[in-house]
K.L.:
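Quick one: the structure is below, and I'll ask about it shortly.
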Number of protein chains: 2
Amino acid sequence: MGEVTQSRRMRLREATTAEIKATALKHMASSGTAAISLRAIARDMGMTAGAIYSYFDTRDNLVSVLIADVYNALAGTLEAARDSRPHDDPAAQILAYGQAYRDWAVANPEEFRLVYGDPVPDYQPPEGGVAAEAEHRACAVLTGIVAAAWPKAQHLHIGSDHTWSDFDPGFAGLIRESFPDLPPAAVALSLRVWGRMHGLVSLEVYGHLRPQVSDPAKLYRAEMMDLSKSLGHVLVDEAH
Amino acid sequence: MGEVTQSRRMRLREATTAEIKATALKHMASSGTAAISLRAIARDMGMTAGAIYSYFDTRDNLVSVLIADVYNALAGTLEAARDSRPHDDPAAQILAYGQAYRDWAVANPEEFRLVYGDPVPDYQPPEGGVAAEAEHRACAVLTGIVAAAWPKAQHLHIGSDHTWSDFDPGFAGLIRESFPDLPPAAVALSLRVWGRMHGLVSLEVYGHLRPQVSDPAKLYRAEMMDLSKSLGHVLVDEAH
DNA sequence: ATCATTGCTATACGGCGTTCACAATATATA
DNA sequence: TATATATTGTGAACGCCGTATAGCAATGAT
């Protein structure tokens, strides 16, 4: 990232790589993730399909890079949403995060499908995950907010019997490094919060809400209010 | 459904239709939704790809029928789960429903993707929806349970300002027909409950939970307990 | 000025959905 | 029973797709 572009060749190479990715995203945004075809991209760029193999080993490879890029953009959006609220007001931060999550998904449905759905026909994700870094970023933001809210929230979750062994060791290690005093119940809560946001959003993006609901944003706002209550915060409707 | 099979031709036709669908589902279960290819199905059946066009106008048509079948199977499972608990115990019913939802998804991940994700490369759902009936069945079950729980749950949702205009008119009409006294806030709640179940399940099915969580079932159970609390029910851990 | 590397084209292979002309078969009719 | 009709299948073709390989042109380094 941000490496010094040395030779002219390098510069051209990066420019073409960027153009390929941009063209792929353009096709995806206008015609769906299934429209990411090497031939179509090359055609659009005035090239032959084979030429792309100088830049990406395979189509799946290109898709993997796109997923990572898009996921990182989402993570950036979510971090910005968190930072748009005072750092000592986790309730406001969680609402901002939730709104940003849905707003982004609704504004970029194909990007959402790329990251959270079946990316593309026949695509097989590589071994060690594709966007582990971005996924960790997005997750860390949420955990951080929940950690800040935990003092006031924990009394609502006294029944939970989570242990660190419920989580992936590596993941648990990272969390405990960043938040040494956070109990496993809080980590579980943050993942459940994620699930709660994801549920309505993915139903909406995949068209399972529209047939019944005319105002999904309102439904989502209600859910976010309820969610913030479960983080121990009582607040009047200040959103919208 | 259940029509009298008259001629021998009709019988053969229905048998072949069923075999096509079964083969498609078999391929899907073993190789993913993208593996639903007319050529592969025909090859497996000892036929030519073109022959399938005597039974289905197009591949998308076949996929639509599969979606409807699978969705109806899911709806049946959910109805059975509800009926496995006393009809005067909505808390138990909602837990059973939620468990059945996840169990089904985890046991049939490709079916889940077919119904709730991008079904298949390039697939475009037809105009009036594909499985409106099944979707309505599944939704009605949930609404029924929430309706039964509403007397004890409503005090937790006094702040909500939902109106019937927040919903699709046709959908609202059907609901008000079945549950004349149910306020719109309860309908919103039932859709939010759906979203809450769907969130963790779809994250898990699409592989976004495994990297962090070693025991998704436990996380989901915790979420279901919390959910049943928001339906106004206090209960000890009787599940599992 | 020479030579290796790189970026690209051209071509080919197999797979896909779909269409069409045609043969074989089963049904319905006279 | 003999004939006409509808249905179900084949096989070849079209235009897509991802991918692999060979060769050509231009660029960069020596």
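Here the structure is a predicted model, which is why all the values come from computation and not from measurement. Chain A is the first sequence line, chain B the second, and so forth, proteins listed ahead of strands; every chain is numbered from 1.
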K.L.:
Would you indicate what B:Thr48 reaches in the nucleic acid, counting non-hydrogen atoms under 4.0 angstrom: base, sugar-phosphate, or nothing?
P.N.:
base
K.L.:
Could you work out which one of D:dG18, C:dC8, D:dC16 sits closest to the side chain of A:Arg43?
P.N.:
D:dC16
K.L.:
Just the rounded figure in Å: distance from C1' of C:dG7 to CD1 of A:Ile41.
P.N.:
17 Å
K.L.:
Between C:dT19 atom P and B:Phe56 atom CZ, what is the distance in whole Å?
P.N.:
16 Å
K.L.:
Testing the basics here: between B:Asp118 and A:Arg113, what is the closest heavy-atom pair and its distance to 0.1 Å?
P.N.:
OD1-NE, 2.8 Å
K.L.:
Checking only heavy atoms, does the side chain of A:Arg39 share a donor-acceptor pair with the base of D:dG18 at less than 3.5 Å?
P.N.:
yes
K.L.:
Rounded to the nearest Å, what distance is computed from the CG atom of residue B:Leu38 to the C1' atom of nucleotide D:dG9?
P.N.:
15 Å
K.L.:
Classify the angle between the aromatic ring planes of B:Tyr101 and B:Tyr97 as parallel (below 30°), tilted (30 to 60°) or perpendicular (above 60°).
P.N.:
parallel
K.L.:
Working to the nearest 0.5 Å, report the span between OH of A:Tyr123 and CG of A:Leu62.
P.N.:
10.0 Å
K.L.:
Could you work out which one of C:dG17, D:dC17, C:dC8 sits closest to the side chain of A:Tyr55?
P.N.:
C:dC8
K.L.:
Taking the nucleotide of DNA chain C with the closest heavy atom to each, which residue, B:Leu12 or B:Thr58, is nearer the 5' end?
P.N.:
B:Thr58
K.L.:
Taking any heavy-atom pair under 4.0 Å as a contact, classify B:Ile36: base, sugar-phosphate, or nothing.
P.N.:
sugar-phosphate
K.L.:
Do the side-chain N or O atoms of A:Ser54 get closer than 4.0 angstrom to the phosphate oxygens (OP1, OP2) of C:dC8?
P.N.:
no
K.L.:
Under 4.0 Å between a side-chain N or O of A:Arg13 and OP1 or OP2 of C:dT6?
P.N.:
no
K.L.:
Any base atoms under 4.0 Å from B:Tyr53, or only sugar-phosphate, or nothing? Heavy atoms, all strands.
P.N.:
base
K.L.:
Of all the nucleotides listed (C:dG17, C:dC8, D:dC17), which has the minimum atom distance to the side chain of A:Ala51?
P.N.:
C:dC8
K.L.:
Which heavy atom of B:Ser64 sits nearest to which heavy atom of B:Pro126, and what is that distance?
P.N.:
OG-CD, 3.7 Å
K.L.:
Quick one, B:Tyr71 with B:Val130, criterion side chain to side chain contact (heavy atoms under 4.5 Å, CB included). Give me CA distance, side-chain angles, the key distance, then yes/no.
P.N.:
CA-CA 10 Å; B:Tyr71 211 151; B:Val130 154; over 6 Å; no
K.L.:
Please report, rounded to the nearest Å, how far the C1' atom of C:dT18 is from the CZ atom of B:Arg59.
P.N.:
12 Å
K.L.:
In whole angstrom, what separates B:Glu19's CD from D:dT8's C1'?
P.N.:
14 Å
K.L.:
In whole Å, what is the span from the CD atom of B:Gln124 to the P atom of C:dG17?
P.N.:
16 Å
K.L.:
Measure the distance from CE on B:Met45 to P on D:dT8 and round it to the nearest whole Å.
P.N.:
13 Å
K.L.:
Rounded to the nearest angstrom, tell me the gap between atom CZ in A:Arg11 and atom P in D:dT27.
P.N.:
14 Å
K.L.:
What's the closest nucleotide to the side chain of B:Met47 if the choices are D:dT8, C:dT9, D:dT10?
P.N.:
D:dT10
